[in-house]
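In what follows, every heavy atom counts, from backbone to side chain, and hydrogens, waters and symmetry copies are set aside. This is a predicted model, so every value here is computed, not measured. Chain identifiers are assigned alphabetically (A, B, ...) following the order of the sequence lines, protein sequences preceding nucleic acid strands; residue numbering begins at 1 within each chain.
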Protein chains: 2
Amino acid sequence: MGRMADSKRRPTSRRALYHQLRRMVLTLELAPGAAISENELAATLGVSRTPVRESLIMLAQDGLVQIFPKIGSFVSRVDPAQVADAQFLREAVELAALDDLPDELDAGVVTELRENLEHQRGPGLELEEFFALDEAFHQGLLRLSGHANAWTTVAAAKGHLDRARRLGLYEHASSAEFAAQHAEIFEAVLSGDTERARGAMRTHLRAVFSDIERIRAHSPQLFATDSTAVPVRRSVAVWE
Amino acid sequence: MGRMADSKRRPTSRRALYHQLRRMVLTLELAPGAAISENELAATLGVSRTPVRESLIMLAQDGLVQIFPKIGSFVSRVDPAQVADAQFLREAVELAALDDLPDELDAGVVTELRENLEHQRGPGLELEEFFALDEAFHQGLLRLSGHANAWTTVAAAKGHLDRARRLGLYEHASSAEFAAQHAEIFEAVLSGDTERARGAMRTHLRAVFSDIERIRAHSPQLFATDSTAVPVRRSVAVWE
DNA sequence: GGACAAGTGCTTGTATACAAGTGCTGCCCG
DNA sequence: CGGGCAGCACTTGTATACAAGCACTTGTCC
């Protein structure tokens, strides 16, 4: 799945489009369930259908877009099953990484993590900024254990989880609570107390996860119900 | 990542090709590092470049194919870093699943696993048959813990690992040893001894993993060395 | 003889035309 | 008035033509 190296290769419209659309899907700028027209996108962006189409195929391979032949393409609704899968996978990986920490921690990464936590505590933090810091923090912990690349795989699989998290944070933005949990994990890691670190991490990840049912009740149209369901075409009248 | 649902959608050339090529890559029928020509494939299969090209893009998204603009497309060499990542991820997930087993195991799955083990012990087992049984066994264990779908994600990420395993087994085909390890894990699970199950699983997975360096020394051309390296085109003279 | 440049043959990237399926609209006809 | 069916508007799937880059071959000119 989209490994980092992809973005470093020779740029093409397809790859640029893929990264742009992927960002838009993950930030909910493109709402779950929204229809995507290859023709419309191509016309808007001033390119032909080919690169648009190919970038959608890449996103479909990521599970972020669903393509129904002769019917239409849609941003995937947030699939609770996939959210749970990603949660389970993420927890398994991050806990295993904590078990695998070396005796001597990389000083550079430790400093980086400390500065990251400072920023997290900063007042008036934009939501997107906090997300970036959160992502960097967890990735940093994996780097400490020497499994930095495993994060790439996890990141690719947790698209649905991230969108659910954003839905949750847009409602009650409690980043301070999460920042405190991050600090707790970090302290435990520094003190070499693996068990405490594991416990704190588990608590943290499950706190993030526990909000999803509430969000789902609030905005059910963003979630998938029957994963075998197929959409149908509708003609609608609109003003030009 | 190619979720199972994909194969159930309305069939198109692109999806059929994707599954066929994916199988060929994973079974080493298409060797790591081999060049793939869109034109040649299209001509061979009697379709146009479009579905061929799009299926290659899907495989590239899986990390099984690398596409270099204006240069060529290649079956990915087995990347030791990705193999290690997949190994770490797989071990984390399978051990976490063992921690998460319910008190009452699903009787149907238990029966299925028992029959699976019977077949594994069978004499004169084809290599591919053993692989299929192995795959089903591990998936079954995840089903027992209620995280069957997580296997899909792991399966998508372990393409490089599986190819490395095949390279290993083609050389010294010790399926009996692995079958015994499977049985050991299964017994521990049935007896409810989580710690013993975890230990056996860890031993098993690492035994699978430990062969890779030997294989790499034997067939280095199948492995990636510098992941930033870019291939070049060569003109060769051949008889028609 | 040697250097340089056009040419050749391959590659993938993009644009465009057409094929084929779906669901609604509205006309036609009973 | 109502049923059926052709047509329309839209979708994605596939085929094809051309654009652009790379590496080698070959001809040409110095």
### Atom pair distance, as rounded to whole Å: CG in B/N39 and P in D/dC18
15 Å

### Task
State whether a side-chain donor-acceptor pair under 3.5 Å links B/Q61 with A/D62.
yes

### Task
Look at the rings of B/H138 and B/H182 and say which category their plane angle falls in: under 30° parallel, 30 to 60° tilted, over 60° perpendicular.
perpendicular

### Message
Nearest whole Å is fine: how far is C/dA19 P from B/R14 CZ?
### Response
20 Å

### N or O in side chain of A/S37 less than 4.0 angstrom from D/dC10 OP1/OP2
no

### Task
Provide, to the nearest angstrom, the distance between the CZ atom belonging to A/F68 and the P atom belonging to C/dA20.
23 Å

### Query
Distance-only, no hydrogens or angles: does the B/H160 side chain make a donor-acceptor pair with backbone N or O of B/G63 under 3.5 Å?
yes

### Task
Could you tell me whether the phosphate oxygens of C/dA15, OP1 or OP2, come under 4.0 Å of any side-chain nitrogen or oxygen in A/S48?
yes

### Task
Check whether more than 12 heavy atoms from other residues, nucleotides or ligands sit under 6.0 Å from atom CD of B/Q221, and answer yes or no.
yes

### Phosphate contact (D/dT14 OP1 or OP2) by B/S13 side-chain N/O below 4.0 Å
yes

### Message
Tell me the interatomic distance from B/E38, atom CD, to D/dT14, atom P, rounded to whole angstroms.
### Response
15 Å

### Message
Out of the candidates B/Q139, B/R165, B/Q120, only one should pair with B/D134 under the side chain to side chain donor-acceptor pair (under 3.5 Å) rule; please name it.
### Response
B/R165

### Nucleotide D/dT11, atom C1' - distance to CD of A/E40 in whole Å
12 Å

### Summary
B/L41 CG to C/dT12 C1', in whole Å, measures 14 Å

### Message
Can you identify which nucleotide, out of D/dG13, C/dT14, D/dT14, has its nearest atom closest to the A/T12 side chain?
### Response
C/dT14

### Query
When the distance from CZ of B/R15 to P of D/dT12 is rounded to whole Å, what number comes out?
12 Å

### Message
Quick check: any donor-acceptor pair below 3.5 Å linking the side-chain of A/R49 to the base of D/dG13?
### Response
yes

### Query
How would you label the contact of A/I36 with the nucleic acid (heavy atoms, under 4.0 Å): base, sugar-phosphate, or nothing?
sugar-phosphate

### Message
Check this one for me: any side-chain N or O of A/R53 less than 4.0 Å away from OP1 or OP2 of D/dG13?
### Response
yes

### Query
Hey, which of these two, A/T50 or B/G72, hits DNA chain C nearer its 5' end, going by closest nucleotide?
B/G72

### Summary
Whole-Å distance, B/I57 CD1 to D/dT12 P, equals 16 Å

